[in-house]
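To find a chain, count down the sequence lines: A is the first, B the second, and so on, and within it residues start at 1. Predicted model, so just to flag it, every value in this text is computed and none were measured. For the numbers below, each heavy atom of this structure counts, side chains included, while hydrogens, waters and symmetry mates do not.
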Protein chains: 2
Amino acid sequence: MVNLGAEHENLDHKAYLILKNMIISRKLLPGEKIPQEKLAQDLGISRTPLVSALKYLEKEKLVEAIPRRGFYVRLFSKEEMISIFELREVLEGLAARRAAFNIRDSQIQKLRRFFKQFRKSTDITDIKGYATEDRRFHNFVTGIGAKEFLKSILENYNIISYSYQLVSLEGLVRPPNVTIREHRAIIDAISDRDADSAEDLMRQHLKRAIAILRQEIESERQTTAKTA
Amino acid sequence: MVNLGAEHENLDHKAYLILKNMIISRKLLPGEKIPQEKLAQDLGISRTPLVSALKYLEKEKLVEAIPRRGFYVRLFSKEEMISIFELREVLEGLAARRAAFNIRDSQIQKLRRFFKQFRKSTDITDIKGYATEDRRFHNFVTGIGAKEFLKSILENYNIISYSYQLVSLEGLVRPPNVTIREHRAIIDAISDRDADSAEDLMRQHLKRAIAILRQEIESERQTTAKTA
DNA sequence: ATATTGAATTTTGCATGCAAAATACATAAT
DNA sequence: ATTATGTATTTTGCATGCAAAATTCAATAT
């Protein structure tokens, strides 16, 4: 069966993709008001499909609608980042479980190739490259394991990509030489089709990131208290 | 701080609530096409806010938008019901965990009152009443534990209410006298603020429902195979 | 009877217009 | 100088209009 869903692409969907990109790439900044008339003109469309796109983004929490006042790019606090990571923990845990169930042999080959370029280095210096690989890895696993609802939740809420943006260096919460072992363990579990381990390891992996985020909040709070 | 979010209520939001209700209460049936012009007239509004409402419902998966063809009430297969339950498993598990962390003493009192009316009966005959209590219980727990994203996912996707609609008798997957023990165990864990147990028990609770659903699918498949 | 073609009708996607609300701005009052 | 008040401007929410696409339905062909 062929997917014909995207056969026609309406203006509002195009606008949606463009806006999403503008937000993620920081062309529209958090807190900023979205100028409907101007943006519609820039995109060469009317306000109708633009507003339609904004409504989609509102559901995805990328944008906040305030009645009679307009749409604003959403702003996330560190506390909210933690709740996003908590969601990733359980959702990607589920995705890892399902991936272990579903994965095909050809996909195992691909999975095993992740982090190959970082095999030899004890100290990984290419942080940026590692961060990219990290993202690709998580997307690959969820791509195999998450369908339908789980997939749309992970996609819609932009949990993955967003999570990476607001934290520490290059979007990594913890240093590569610590997380690479965990990544390898997850790869092994999924390749062995060990669903329970895959879920557990993925959850532990993300739980540790959450712990770091909580620490950061705590130390910030103390610094602020001292300064004040 | 007072919540002023719902101060103004736009037409599209009103339409959204009405439509959601119409779908849940089966005034609009799964698979049915939504007649925009007629419905707009019935509601006394134009197509603009109606379509806007439909876009919200599309994101919630209650409605499917087919470009140039219109909106259709979504139809869920039993397989999809399973993936919804899998989501409930991890999301309500997280909610139970958070509830155990957050719950206030006054809320513990309330929590302990759930299923009180079924205490004495070894065989619960009021299935409908039990089903209602079941729903209220799950909503209460998620109400305490889920905020922000988790809350909106659970709400938006209507996972809870929807889950109950399409399965077995009165929306219950398993008989009351089996599940009531599990409910009580969850209540105890949350009241004891034992987050790990609360999460684990909630997950086991839902896992068992999933197992039944899988069995039902399997036996259906065999029946169909025989008939065909 | 069933399938095919083609016009008539309906529906969708989008732009536009407009009243009401919100905002910005200028002037007056303290 | 700051606050208050009134006015002009902009923006929002919604209805409406219209072209293009989809659907219906009748007439014709198989």
Side-chain angles (χ1 to χ4, degrees), chain A residues 2-20 22-23 27-75, chain B residues 2-20 22-23 27-75:
Chain A
V2 192
N3 182 8
L4 298 171
E7 200 174 11
H8 311 265
E9 201 170 86
N10 293 338
L11 277 186
D12 59 357
H13 188 246
K14 286 184 195 167
Y16 158 78
L17 293 176
I18 292 171
L19 282 182
K20 192 165 183 167
M22 287 175 81
I23 294 173
K27 267 168 202 146
L28 291 168
L29 292 167
E32 231 174 55
K33 176 167 182 175
I34 292 174
Q36 292 181 22
E37 198 67 56
K38 187 199 171 344
L39 226 119
Q41 276 186 330
D42 288 356
L43 298 178
I45 60 178
S46 82
R47 274 171 53 225
T48 307
L50 178 66
V51 169
S52 183
L54 287 170
K55 296 207 177 279
Y56 285 124
L57 292 168
E58 185 196 356
K59 271 280 174 203
E60 296 186 10
K61 304 276 177 192
L62 287 184
V63 139
E64 193 181 0
I66 302 174
R68 275 278 163 214
R69 290 245 159 62
F71 292 88
Y72 296 79
V73 180
R74 267 209 62 164
L75 205 134
Chain B
V2 192
N3 182 7
L4 299 169
E7 198 174 11
H8 312 262
E9 201 169 87
N10 294 338
L11 277 185
D12 58 357
H13 188 246
K14 286 184 196 165
Y16 158 78
L17 292 176
I18 293 171
L19 281 182
K20 192 164 183 168
M22 286 177 81
I23 294 173
K27 268 170 201 141
L28 292 169
L29 293 167
E32 230 174 56
K33 175 166 183 174
I34 292 173
Q36 291 181 22
E37 197 68 56
K38 185 197 172 343
L39 213 85
Q41 275 186 330
D42 288 356
L43 299 178
I45 59 178
S46 82
R47 274 171 55 225
T48 307
L50 177 67
V51 169
S52 183
L54 287 169
K55 295 207 177 278
Y56 285 124
L57 293 168
E58 186 197 355
K59 270 281 174 200
E60 296 185 11
K61 304 273 177 195
L62 287 185
V63 139
E64 193 181 358
I66 303 175
R68 276 274 163 216
R69 289 243 161 61
F71 293 89
Y72 295 79
V73 181
R74 268 209 61 164
L75 205 135

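- Distance CZ (B:Phe71) to P (C:dT12): 9 Å, rounded to an integer number of Å.
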**Asked** Step by step, would you call B:Lys59 with A:Glu58 a salt bridge (Lys or Arg N to Asp or Glu O under 4.0 Å)?
**Response** CA-CA 10 Å; B:Lys59 270 281 174 200; A:Glu58 185 196 356; over 6 Å; no
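- What separates CG of A:Leu50 from P of D:dG13 is a distance of 12 Å, to the nearest Å.
- When the side-chain contact (heavy atoms from CB on, under 4.5 Å) test is applied to A:Lys33, the partners found at least two apart in sequence or on another chain are A:Tyr72.
- Between B:Glu37 and B:Arg47 the shortest heavy-atom distance is OE1-CD, 3.5 Å.
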Identify the pairs formed between an N or O of the protein and an N or O of nucleotides 16-18 of chain D at a distance under 3.5 Å, and give each distance.
{"from": "D:dT16", "atom 1": "O4", "to": "B:Thr48", "atom 2": "OG1", "distance (Å)": "3.4"}

Tabulated below should be each protein N or O lying under 3.5 Å from an N or O of nucleotides 6-9 of chain D; please produce it.
none

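- Contact annotation: the side chain of A:Met22 approaches that of A:Leu28 to within less than 4.5 Å [non-hydrogen atoms, C-beta and beyond].
- Ion pairing between a basic and an acidic side chain is recognised when a charged N comes within 4.0 Å of a carboxylate O; A:Asp12 and A:Lys55 show no such pairing.
- With contacts defined as side-chain heavy-atom distances shorter than 4.5 Å, the pair A:Leu57/A:Glu60 qualifies.
- Rounded to whole Å, atom C1' of C:dT12 lies 12 Å from atom CG of A:Asp12.
- Computed from coordinates, the B:Ile66 CD1 to C:dT11 P distance equals 16 Å when rounded to whole Å.
- Candidate nucleotides C:dC14, C:dA22, C:dT12 were compared by shortest atom distance to the side chain of A:Leu11, and C:dC14 ranks first.
- The listed nucleotides are C:dA15, D:dA22, C:dG13; the one nearest the side chain of A:Asn10 is C:dG13.
- In this structure, NZ of B:Lys55 is placed 11 Å from P of C:dT12, rounded to the nearest angstrom.
- In terms of phosphate contacts, A:Arg68 brings no side-chain nitrogen or oxygen within less than 4.0 Å of OP1 or OP2 of C:dT23.
- Side-chain contact between A:Tyr56 and A:Lys20 is absent, with no heavy-atom pair separated by less than 4.5 Å.
- B:Tyr72 places its OH atom 8 Å from the P atom of C:dT12, with the value rounded to the nearest Å.
- Shown here for B:Leu11 and B:Pro49, the closest heavy-atom pair between the two residues is CB-CB, 3.9 Å.
- Atom CD1 in A:Ile34 sits roughly 19 Å away from atom P in C:dA22 (whole-Å rounding).
- Tested against B:Val73 for a side chain to side chain contact (heavy atoms under 4.5 Å, CB included), the candidates B:Leu62, B:Leu19, B:Ile34 yield a single pass: B:Ile34.
- Put simply, NZ on A:Lys38 is 11 Å from P on D:dT11, counting in whole angstrom units.
- The shortest distance between the side-chain N/O atoms of A:Lys33 and the OP1/OP2 oxygens of D:dT12 is below 4.0 Å.
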